[in-house]
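This report refers to the structure that appears directly beneath it.
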Amino acid sequence: MPDLFDLVAIGTGVAANAVAERCRAAGWRVVIVDERAFGGTCALRGCEPKKTLWTVAEAADRAHRLTDMGLVGGDRVTIDWPSLMAFKRSFTDPVPERHARAYAKAGIEAIQGSARFVGPNAVEVAGRRLEARHILIASGAKPAAPPIQGAELLATSDDYLALERLPRRLVMLGGGYISFECAHIAARAGAEVTILHADDRPLAHFEQDLVRRLVEHSRRIGIGVELGCRAAAVERAGEGFVVAVEDGRRFEADLALHGLGRVPNLEALDLVSGNVAVEKGRLRLDRHLRSISNPAVFAAGDAAGQGPQLTPVASLDADVVARNLLEGCTHAPDYTGVTSVVFAIPPLASVGLTEEAARGQGLRFEVKQGDMAGYQSVRRTGEPAAAFKLLLEPEGGCVLGAHLLGPQAEEVINLFALAVRLRLPARDLARMLSAYPSGGSNISSMLG
Ligand SMILES: Cc1cc2nc3c(=O)[nH]c(=O)nc-3n(C[C@H](O)[C@H](O)[C@H](O)COP(=O)(O)OP(=O)(O)OC[C@H]3O[C@@H](n4cnc5c(N)ncnc54)[C@H](O)[C@@H]3O)c2cc1C
Ligand SMILES: NC(=O)c1ccc[n+]([C@@H]2O[C@H](COP(=O)([O-])OP(=O)(O)OC[C@H]3O[C@@H](n4cnc5c(N)ncnc54)[C@H](O)[C@@H]3O)[C@@H](O)[C@H]2O)c1
């Protein structure tokens with residue numbers, strides 16, 4: 001006998017959790033399924049554990065920077081990787097049990113196992129056939145399979161965030177979020193790190209003026225950033241690895257990390273049996289995040305692949321899907337003003353359009369930009385790499401884009417995010433009476 005539900009949610013990350021909880025609160029019979037520990041990428045293998053490592057690495061870096069500025073012994077501060085990992089686990093270890101308790105309390109059935117479609121309204125998990133009015137695909141993303149010989153030898157970000165011992169030499173393949181973040185943490189923990197990036201535009205979706213500063217700063221602190229360096233093969237070499245690049249160069253490493261992009265995690269789902277259309281590895285969805293071929297199926301977050309692969313996007317998609325399920329299928333996500341941060345040290349933060357994108361759209365705008373290393377709030381952190389670039393509609397109009405590099409960029413960007421998303425004029429933002437001195441109080445200088 002099949003089990004009958006109103007909703008089967010595949011995944012227990014940010015996207016699946018939010019939809020499952022909202023539908024359950026409306027009285028639906030809901031089952032949630034995950035093949036890995038409950039909690040998803042952000043809480044267990046992404047944002048949260050990464051930010052814990054980053055926080056300690058940033059503290060160590062700050063101690064070094066402020067040595068001889070009243071701080072004694074800061075230059076002797078080192079990171080003990082095993083205790084850092086134990087600290088990280090104090091955040092991640094309780095997550096699965098906490099989720100299991102929350103599901104039980106809410107009356108959501110939770111099943112551990114890999115889900116696959118066995119019909120348009122049915123999935124099979126752990127030997128059970130679950131039939132449902134609706135099925136949510138929120139199965140997240142996984143590392144892309146690159147055309148690199150020996151790619152199976154690459155460690156993933158999951159492996160990196162679980163390393164019990166930090167290898168001496170790390171080579172990061174790809175110049176995106178994962179490589180820059182993992183490189184900056186590992187370098188502060190004493191590793192020799194090299195990033196190999198295929199073309200001359202690492203972190204391609206960020207404002208390239210600020211990316212160039214981050215690249216220069218990364219090199220200054222000893223991270224090798226090799227541009228125009230497309231990895232072609234990975235081989236074992238003794239206990240370690242050699243990464244061969246298309247131009248013939250070879251880089252030795254104790255760990256070679258996959259930072260080559262992530263793709264929707266759909267393979268195990270047997271989408272053909274569910275009549276769920278896919279094209280080039282991506283779900284074919286309408287603007288309401290519903291499958292174009294199976295109206296019972298919705299998708300959200302990294303699996304949906306409509307917005308950037310970020311936690312706020314997973315939350316936004318989940319809100320849209322929950323509303324479509326509960327109120328009628330009329331809602332669509334608006335990704336305007338999605339904020340994103342590369343947690344390097346210092347962080348690089350961005351919201352809205354880059355200058356290149358604004359030009360591409362033929363918009364009229366003015367640019368305000370500058371170095372912030374001399375700002376009091378930055379100087380007192382000892383951080384030499386700090387800058388901003390704002391794109392504003394002419395005559396005090398709306399903020400089209402804001403790009404920040406420097407201490408507190410990950411917090412200050414949220415004020416710009418509000419302005420971009422709500423289309424607040426820059427002249428109104430300038431009227432904010434921010435606390436002083438604070439990162440936010442720099443905004444009036446930037447707009448000035
Ligand atoms: C290293 C790293 C750092 C990141 N840092 C940030 C950050 O700082 N800020 C930010 O905004 N974003 C960050 N991200 C991205 C962010 O984590 C994701 O965008 C977000 O977690 C996606 O949530 P989701 O609910 O769509 O999917 P996920 O949280 O990935 O959940 C999908 C779940 O589905 C399960 N699953 C997959 N297939 C099946 C199946 N067949 N059956 C059952 N279960 C299945 C998986 O096990 C997984 O638990 C980071 C990502 C990584 C990898
Ligand atoms: N702070 C955050 O929000 C955060 C952190 C980590 C991951 N993420 C999410 O996860 C996704 C995946 O991250 P990622 O860093 O793996 O991918 P990415 O898309 O950020 O960067 C991958 C880069 O690798 C380059 N590349 C591809 N093939 C190459 C080759 N053979 N040699 C050298 N370079 C090559 C690509 O040009 C690309 O720029 C991100 O897009 C992001 O959405 C977010």
Side-chain angles (χ1 to χ4, degrees), residues 8-19 32-51 54 96 99 111-117 123-126 136-144 146-148 151 156-158 160-161 172-182 195-199 201-206 226-233 243 245-246 257-270 299-305 307-315 317-318 338-344 347-349 410:
V8 174
I10 302 173
T12 58
V14 170
N17 281 330
V19 178
I32 198 163
V33 179
D34 205 307
E35 61 188 11
R36 301 181 73 174
F38 295 152
T41 303
C42 182
L44 292 170
R45 301 175 293 275
C47 336
E48 297 284 354
K50 178 271 307 289
K51 187 80 188 281
W54 180 87
H99 276 72
I111 305 178
Q112 195 89 58
S114 182
R116 66 182 175 88
F117 280 85
V123 300
E124 196 173 274
V125 187
L136 171 70
I137 301 176
S139 50
K142 62 177 183 181
I148 293 178
T156 64
S157 54
D158 291 6
Y160 176 94
L161 290 170
M172 318 293 198
L173 281 70
Y177 287 84
I178 288 179
S179 292
F180 271 87
E181 294 185 342
C182 295
I195 297 173
L196 311 180
H197 182 67
D199 52 35
R201 289 173 59 90
L203 296 166
H205 302 298
F206 284 80
E226 303 290 339
L227 302 181
C229 195
R230 183 175 288 278
V243 180
V245 175
E246 273 183 359
L257 184 80
H258 184 299
L260 299 159
R262 288 166 59 86
V263 293
N265 188 6
L266 305 173
E267 239 166 53
L269 293 172
D270 193 357
D302 286 3
Q309 294 170 346
L310 298 171
T311 291
V313 169
S315 298
D317 282 0
V338 173
T339 313
S340 179
V341 175
V342 181
F343 287 94
L348 172 64
E410 80 282 20

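We're numbering straight along the sequence, starting at 1. First listed ligand is number 1; within each ligand, the first listed atom is number 1. Every heavy atom of this structure was used, including side-chain atoms; hydrogens, water molecules and symmetry mates were not.
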Around atom 5 (N) of ligand 1, find the nearest protein heavy atom and jot down its residue, atom name and distance. K50 NZ, 2.9 Å
Shortest reach to atom 49 (O) of ligand 1 by a heavy atom, considering only D34, L44, N17: D34
Check each heavy atom of R201 against ligand 2 and say whether those closer than 4.0 Å belong to the side chain, the backbone, both or neither. neither
Which bit of E181 is near ligand 2, meaning a heavy atom under 4.0 Å away: side chain, backbone, both or neither? side chain
Give yes if a backbone or side-chain nitrogen or oxygen of Y177 is under 3.5 Å from a nitrogen or oxygen of ligand 2, and no if not. yes
Return yes when A204 approaches ligand 2 closer than 4.0 angstrom through a heavy atom, no otherwise. no
Test of understanding: given a 4.0 Å heavy-atom threshold, classify the contact between C42 and ligand 1 as side chain, backbone, both, or neither. both
For the aromatic rings, using the six-membered ring if either is Trp, is the centroid distance between F206 and Y177 under 6.0 Å? yes
Please verify whether a non-hydrogen atom of L310 lies at under 4.0 Å from ligand 2. yes
So the atoms of ligand 2 within less than 4.0 Å of a heavy atom of I148 turn out to be 31 (N)
Ligand 1-proximal atoms of R45, by part, heavy-atom distance under 4.0 Å: both
Proximity of C229 to ligand 2 by residue part, where a heavy atom lies under 4.0 Å: backbone
Supply the atom-to-atom distance E267 CD to S139 OG, rounded to the nearest 0.5 angstrom. 11.0 Å
Between CG on residue L269 and CZ on residue F117, distance to nearest 0.5 Å: 6.5 Å
Would you please determine whether S340 falls within less than 4.0 Å of ligand 1 on a heavy-atom basis? no
What are the two closest non-hydrogen atoms of K142 and P264, and how far apart are they? CE-O, 4.4 Å
Sequence-distant partners of A43, side chain to side chain contact (heavy atoms under 4.5 Å, CB included), two or more places apart: V95
